[in-house]
Amino acid sequence: MARQAEAQGRALPETLLFEEKAGLVPVRLERENGRVVRAELMAPEAMTRRSRMIPENAAACLGLEPADIRTDHHAPQVVSVGLPFLIVELASRDALRRAHGELAAHRRLLASNGISSVYAYTRNAGESAFEKGSDIQGRMFSPLDGIAEDPATGSATVAAIAFLSALENGTDLSLTFTQGVDMGRPSLLEARTEAGKAYVAGSCVPVMEGTFTLESAV
């Protein structure tokens, strides 16, 4: 959007304010040689922890076995910085590869609590060159919203890093996340926390474009 606006000769401020379902989201544009190359959004809310989920139920939501769920760092936990996600750490990269959003389990275990999305991650680096430089490999499933899997989810990533920071007593973190690898749409997101606030940044490439015409009501 920012690149398109600038291509049309429209000047943009350094920070845009997006009105999203999660709230008002500040998005800071970063430029090189006067051209927008990247954007960083700030989470609209401070992190809140909601309910926990037992490993057996978290595994059911992901089509996995309870042994695939890692709990030594944290139990599966619903976290929000604007939108709620069930955040689940997995025991291996292989478990992440096998994961998928199990619609029946989402309906049974998540919908009644107003949650529709699961963010599963592992700290184990994958085999691909794309993943080896990252700290976290993640996948996001939201079948209740009609999203079998999302290749890049800023709202989930920023919730995850806020949660990981809280687990380390609020220590400021700077981590690189990969997502979308197992669906053939690899994405790279850079997240950080600073003074209790959480941010996620990245750049994008256009995958489609189009125009539409609105008929005048006059």
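When reading the values below, keep in mind they use all heavy atoms of this one structure, side chains included, and skip hydrogens, waters and symmetry mates.
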In the single-linkage hydrophobic clustering (I, L, V, M, F, W, Y; side-chain heavy atoms under 4.5 Å), do [X] and [Y] co-cluster?
X      : Y      : value
Leu189 : Val36  : yes
Val88  : Leu175 : no
Leu173 : Val158 : yes

Taking 4.0 angstrom as the limit, do [X] and [Y] come out as a salt bridge?
X      : Y      : answer
Glu89  : Arg123 : yes
Glu190 : Arg192 : no
Arg98  : Asp68  : yes
Asp150 : Arg185 : no

Are the side chains of [X] and [Y] in touch, meaning some heavy atoms are under 4.5 Å apart?
X      : Y      : result
Thr48  : Val79  : no
Glu215 : Thr213 : no
Glu19  : Val25  : no
Met53  : Ser51  : no
Leu29  : Thr15  : no
Ile161 : Phe177 : yes
Val81  : Met42  : no
Arg107 : Leu144 : yes

Rounded at 0.5 Å granularity, tell me how far [atom1] in [X] sits from [atom2] in [Y].
X      : Y      : atom1 : atom2 : value
Asp145 : Ile147 : CG    : CD1   : 5.5 Å
Leu90  : Leu62  : CG    : CG    : 6.0 Å
Leu83  : Ser142 : CG    : OG    : 9.5 Å

Closer than 3.5 angstrom, by distance alone: can the side chain of [X] be matched with the main-chain N or O of [Y] as a donor-acceptor pair?
X      : Y      : value
Arg50  : Pro84  : no
Thr193 : Ala162 : no
Thr153 : Ser155 : no

Which heavy atom of Pro76 sits nearest to which heavy atom of Ala58, and what is that distance? CG-CB, 3.7 Å
Does Glu65 have more than 12 heavy atoms from other residues, nucleotides or ligands lying within 6.0 Å of its CD?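 Incorrect, the count does not exceed 12.
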Give a yes or no on whether Arg97 atom CZ has more than 12 heavy-atom contacts from other residues, nucleotides or ligands under 6.0 Å away. yes
Show your working on salt bridge (charged side-chain N to carboxylate O under 4.0 Å, His left out) between Glu14 and Arg31 and close with a plain yes or no. CA-CA 9 Å; Glu14 180 180 340; Arg31 294 178 169 88; over 6 Å; no
Could you name each residue pair satisfying ring-ring contact (aromatic ring centres under 6.0 Å, His included) that touches residues 55-114, not counting sequence neighbours? His74-Tyr121, His74-Phe163
Are Thr176 and Ser134 close enough that a side-chain donor and a side-chain acceptor fall under 3.5 Å? no
Holding to side chain to side chain contact (heavy atoms under 4.5 Å, CB included), I want the full list of residues that pass it with Arg52, two or more places apart in sequence or in another chain.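 Partners of Arg52 under the side chain to side chain contact (heavy atoms under 4.5 Å, CB included) test: Ala75, Gln77.
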Output, in order, the C-alpha distance, side-chain angles, deciding distance and verdict of side-chain contact (heavy atoms from CB on, under 4.5 Å) for Cys61 and Leu110. CA-CA 9 Å; Cys61 288; Leu110 297 178; 4.1 Å; yes
May I have the step-by-step check of salt bridge (charged side-chain N to carboxylate O under 4.0 Å, His left out) for Glu32 and Arg38, ending in yes or no? CA-CA 9 Å; Glu32 288 182 5; Arg38 168 182 149 109; over 6 Å; no
For Met140 and Ser117, what are the C-alpha separation, side-chain angles and deciding distance, and is it a side-chain contact (heavy atoms from CB on, under 4.5 Å)? CA-CA 7 Å; Met140 200 289 287; Ser117 304; 3.8 Å; yes
Checking Ile136 against Thr178 for the side-chain contact (heavy atoms from CB on, under 4.5 Å) test, could you report, in this order, the C-alpha distance in whole Å, the side-chain angles of both residues, the deciding distance, and whether it holds? CA-CA 6 Å; Ile136 300 289; Thr178 55; over 6 Å; no
Could you walk me through whether Leu96 and Gln137 pass side-chain contact (heavy atoms from CB on, under 4.5 Å), step by step? CA-CA 8 Å; Leu96 185 68; Gln137 292 76 44; 3.8 Å; yes
